[in-house]
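Working notes for the structure below.
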Amino acid sequence: MSENQNESVCLKTGFVYQPIASEEVGSLGVGPLIDARGMSDEQIFDWMDKKLVAAKRLRDLLSTKAAIEEQLIHLNSEIEHATLLSRIEVYRKD
């Protein structure tokens, strides 16, 4: 995204994200503007629904990944401990 946070950014053909100053957002209760010319309301709502489903899926995947990474840390610790316990040192006097 551009360094100037007030610039419009083209995300995808037909969609332009244009941030609104925070004071405007608070007073009007609106969010970012998306220019979706040529799309019906139904198409826009369908697009929004797909984005919401994708965002929820991403959040779930990231949560699952974090849990697996935590399990992996624990598993690596158990492997290190088991490695120490299973080590056999053999000494032979020749």
Side-chain angles (χ1 to χ4, degrees):
M1 204 142 118
S2 149
E3 288 182 26
N4 184 349
Q5 295 182 351
N6 293 324
E7 289 182 8
S8 296
V9 177
C10 183
L11 302 173
K12 175 183 166 185
T13 304
F15 292 91
V16 177
Y17 170 76
Q18 184 173 355
I20 299 173
S22 59
E23 62 274 0
E24 292 178 40
V25 173
S27 64
L28 298 176
V30 298
L33 298 176
I34 298 175
D35 181 354
R37 284 178 262 193
M39 295 181 73
S40 68
D41 287 352
E42 186 175 324
Q43 289 171 318
I44 294 169
F45 290 134
D46 183 52
W47 175 80
M48 289 170 45
D49 283 340
K50 288 177 184 174
K51 290 297 181 184
L52 183 58
V53 167
K56 288 178 180 179
R57 175 77 174 134
L58 177 59
R59 183 184 60 210
D60 291 345
L61 290 170
L62 290 171
S63 176
T64 300
K65 179 184 175 189
I68 290 171
E69 287 173 340
E70 190 66 33
Q71 290 173 351
L72 186 58
I73 290 169
H74 180 70
L75 181 60
N76 283 331
S77 176
E78 287 185 33
I79 289 170
E80 287 178 23
H81 183 70
T83 300
L84 290 174
L85 293 177
S86 66
R87 182 179 298 152
I88 299 174
E89 294 184 31
V90 177
Y91 172 77
R92 290 190 181 108
K93 186 175 180 181
D94 291 328

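Keep in mind that the numbers below use all heavy atoms, side chains included, and drop hydrogens, waters and symmetry copies.
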| Heavy-atom check, side chain of Ile44 versus side chain of Met48, under 4.5 Å | yes
Check residues 81-93 and write down every donor-acceptor pair under 3.5 Å in which the side-chain atom is one partner and the other belongs to a residue at least two apart or another chain.
residue: Thr83; atom: OG1; partner: Ile79; partner atom: O; Å: 2.7
residue: Ser86; atom: OG; partner: Ala82; partner atom: O; Å: 2.9
residue: Ser86; atom: OG; partner: Thr83; partner atom: O; Å: 3.2

| said: Applying salt bridge (Lys or Arg N to Asp or Glu O under 4.0 Å), can you list everything that pairs with Lys50, at least two apart in sequence or on another chain? | reply: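 Applying salt bridge (Lys or Arg N to Asp or Glu O under 4.0 Å) to Lys50 gives Asp46.
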In residues 65-78, what donor-acceptor pairs under 3.5 Å come from side-chain atoms, sequence neighbours left out?
residue: His74; atom: NE2; partner: Glu78; partner atom: OE2; Å: 2.4
residue: Asn76; atom: ND2; partner: Leu72; partner atom: O; Å: 3.3

